[in-house]
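Atoms considered below: every heavy atom in the structure, side chains included; atoms not considered: hydrogens, waters and symmetry mates.
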Amino acid sequence: MKRSGLLVGLALGTATLLAATACAPRDGGTAGGGSAPVDQAQLVAALPAGTQPVERVTWSVVEGEPATLDPGASANLIIPNLCDNLLSLQPDFTIEPGVAERAEFVDPVTFVIDLRDDVRFWDGSPVTADDVVYSLQRGQNPQSQWYGAFALVQSIEQTGERQVTVRFNAPDLDFRNAIAGQGGAVMSRAFGDEVGPALGSSDAGLMCTGPFVLEPGGWTPGRAIEVVANDDYWGDAPLVQELEFVFVTDSSTLATALTQGEIDGAYNVSPSSRSAFEGEGAGSLVLGPSTASYSFGPATAEGPAANATFRAALSATIDREQYIDTVLGGLGEVQKTMVPPFSFSSLEAADIYRAGYDALETPGRDLERARELLEESGEPLDRPLVIAIPAGAKEFQQTATILQSSAQEIGVDIEIEELQPADFGAMFYDPAGREGIDFVSTQGYLEVPGVTGYPSLFMLPAETGGVFNWSGYDDERVTAHMQAARTAPDVETAAEEFVAAQEIFTPDQLQVTLAGAYQTTYLNDELSGAVTSIAIYSSPWALHLGGK
């Protein structure tokens, strides 16, 4: 990290939001780790904005080098600093205007987007309504990462010089949240048409409006991605002039590099390195609110894994508090269901969602009940069950080992199958990759406020968005309540419908939730201004980064 000697004013900025999931294996880990309790009131969503310019910051992306920077095809921590979204997600999961100065439903099925008139792409060309039509229409491609957000969209068209209108087949209360995430990323049509399928690659690059610019040659495959400040940014320009992304995926190596000041910061640092991060070093560990959770779920529609009662039996064998202490180093909390409270904390009907969540049973270890459920399930124990995890990922190894040990106490044998990261990732989209697999261990999160997006993936029929509904779950009551929640005429009705669905699907444990995890950030003590909540996946988190 190098600083210039200049002083500048405090930068102001925004972030963005969307709803999606990801399964992100992490690697390695140092020995030790702490387990001191964490006061949730001390969780920090963002650090005070930096006040001094910095010449260069080096940041490690622990998930590794991305395959693409195309926001329609990937959700990684680099893109939000390059491509602005139509609406802006704040660190506390609230939403503010972004490239769009206004984006609202004007009737139940008509959504109007009015654009700012001062936003330009990196090449100086203005953002037009046609660019926004192009960008949103990319989300209608079933191959898009954000296709689910556009499932109810009927048409997208320019209706004014700086206005775009989206019409729906049915009301969709989730859409506004979605365009505050990368599903609302604004791209240049001219650039996209010119480079075609190479968009977002190291050769072709991007053309966006964000606070940092990817210049030609900025991405050196296998080594680093370097971006520079957009001095003509429509908001206040960044304080950091050069931001270098490196890809240190081994947690032990990363912990050493961060604490010795060789790397200035990283998100999603391993909880197993907690003791190293909390010791003497160049920076500090910051904990933030998150929607991330660890879980395991069925990978097949056949056998015990597809049986909800059997899953409940396995769930009752697990000591969550011990899991949090062992796997997360104490940096998490017991979570009652797959949708965590931070996902609805900023919603207008948060009180209804909160009451519904509080009414759920807190999962806990009860071996007697586990044995009863096992017998009730009627499933034979004539073969070991297989759980898949990504190879080399310590948290997932520990998760599987804990499940294996706990299940053995009621006579269930679990075998652990480690898959190489590429095979593990492919398994989510290729049924052949799941052959012989009963359960998959995952970490999921929601990138934007909202409650329906994540559970819909696991419990709705495939044709209505259940892309990970591998167990063939089909409860007409859940489907009806979930659809009613998304298409409700008002936010209160939506909340009540979701809570009704949640009461039914939570005991069925389409994902056996083990713990909610806090957002972890390690940052050099000479820096400030980073977003430190789960909003990093949708926000330009380096916009306010700077020297203290």
Looking only at side-chain N and O atoms, does T442 offer a donor or acceptor that is under 3.5 Å from a partner on S295?
yes
Close side-chain approach of D438 and R383, heavy atoms under 4.5 Å:
yes
Strictly under 6.0 Å, is that where the ring centroids of F498 and F344 end up?
no
What do you reckon, is CD of E348 surrounded by more than 12 foreign heavy atoms closer than 6.0 Å?
no
When rounded to the nearest 0.5 angstrom, what is the spacing between OH in Y353 and CD in E496?
9.5 Å
Between F428 and W470, ring centroids under 6.0 Å:
yes
Whether the side chain of Q182 engages the backbone of Y537 through a donor-acceptor N/O pair (distance < 3.5 Å, no angle test) should be reported.
yes
Considering only heavy atoms from C-beta outward, does the side chain of S270 approach that of E395 to under 4.5 Å?
yes
Salt bridge check, D107 against R167: does any charged N sit closer than 4.0 Å to a carboxylate O?
no
Backbone of P340 reached by a side-chain donor or acceptor of S343 within 3.5 Å
yes
T479 side chain to E476 backbone, donor-acceptor under 3.5 Å:
no
Any side-chain heavy atom of L373 within less than 4.5 Å of one from F310?
no
Run the numbers on V440 and M427 for side-chain contact (heavy atoms from CB on, under 4.5 Å), then give the verdict.
CA-CA 10 Å; V440 179; M427 177 180 61; 3.7 Å; yes
Using distance alone, with no hydrogens and no angle criterion, decide if T309 and S377 have a side-chain donor and acceptor under 3.5 Å apart.
no
If the threshold is 4.0 Å, N to carboxylate O, is there a salt bridge linking R176 and E104?
yes
Parallel, tilted or perpendicular for F424 and F396, by the 30°/60° rule?
tilted
Salt bridge or not between D70 and R138? Use side-chain N to carboxylate O under 4.0 Å.
yes
Working for side-chain contact (heavy atoms from CB on, under 4.5 Å), residues D84 and V186
CA-CA 6 Å; D84 288 319; V186 178; 5.6 Å; no
Counting only heavy atoms not in Q154 (residues, nucleotides, ligands), do more than 12 fall under 6.0 Å from its CD?
yes
For T399 and Y323, test the side chains for any donor-to-acceptor distance below 3.5 angstrom and give the result as yes or no.
yes
Salt bridge D130-R189, side-chain N to carboxylate O under 4.0 Å
yes
Heavy-atom side-chain proximity of Q404 to I416 below 4.5 angstrom:
yes
Checking V132, V112, I113 against V166 for side-chain contact (heavy atoms from CB on, under 4.5 Å), the one that qualifies is I113
Report yes or no: do R320 and S315 form a side-chain donor-acceptor pair below 3.5 Å?
yes
Give the ring-plane orientation class for F168 versus F105, where under 30° counts as parallel, over 60° as perpendicular and anything between as tilted.
tilted
Which distance, rounded to the nearest 0.5 Å, do you find between the OG of S456 and the CZ of R486?
7.0 Å
Between R365 and E409, is the closest basic N to carboxylate O distance under 4.0 Å?
yes
Should R371 and D366 be marked as a salt bridge (Lys or Arg N to Asp or Glu O under 4.0 Å) after you check the CA-CA gap, both sets of side-chain angles, and the distance that decides it?
CA-CA 9 Å; R371 293 188 179 96; D366 185 340; over 6 Å; no
Are F458 and Y473 near enough that their ring centres are under 6.0 Å apart?
no
If you round to the nearest 0.5 Å, how far is OG1 of T452 from CE of M482?
5.5 Å
Would you check if there is a donor-acceptor pair between the side chains of S144 and N141 at a distance under 3.5 Å?
no
How long is the span from the CG atom in L69 to the CG atom in L82, to the nearest 0.5 Å?
6.0 Å
Let me confirm one number: the CG-CG distance from L87 to N177, rounded to the nearest 0.5 Å.
9.0 Å
Just wondering, do I78 and V61 contact through their side chains at under 4.5 Å, heavy atoms?
yes
To the nearest 0.5 Å, tell me how far T291 OG1 sits from I534 CD1.
4.5 Å
A side-chain contact here means heavy atoms from C-beta on lying under 4.5 Å apart; do E157 and V133 qualify?
no
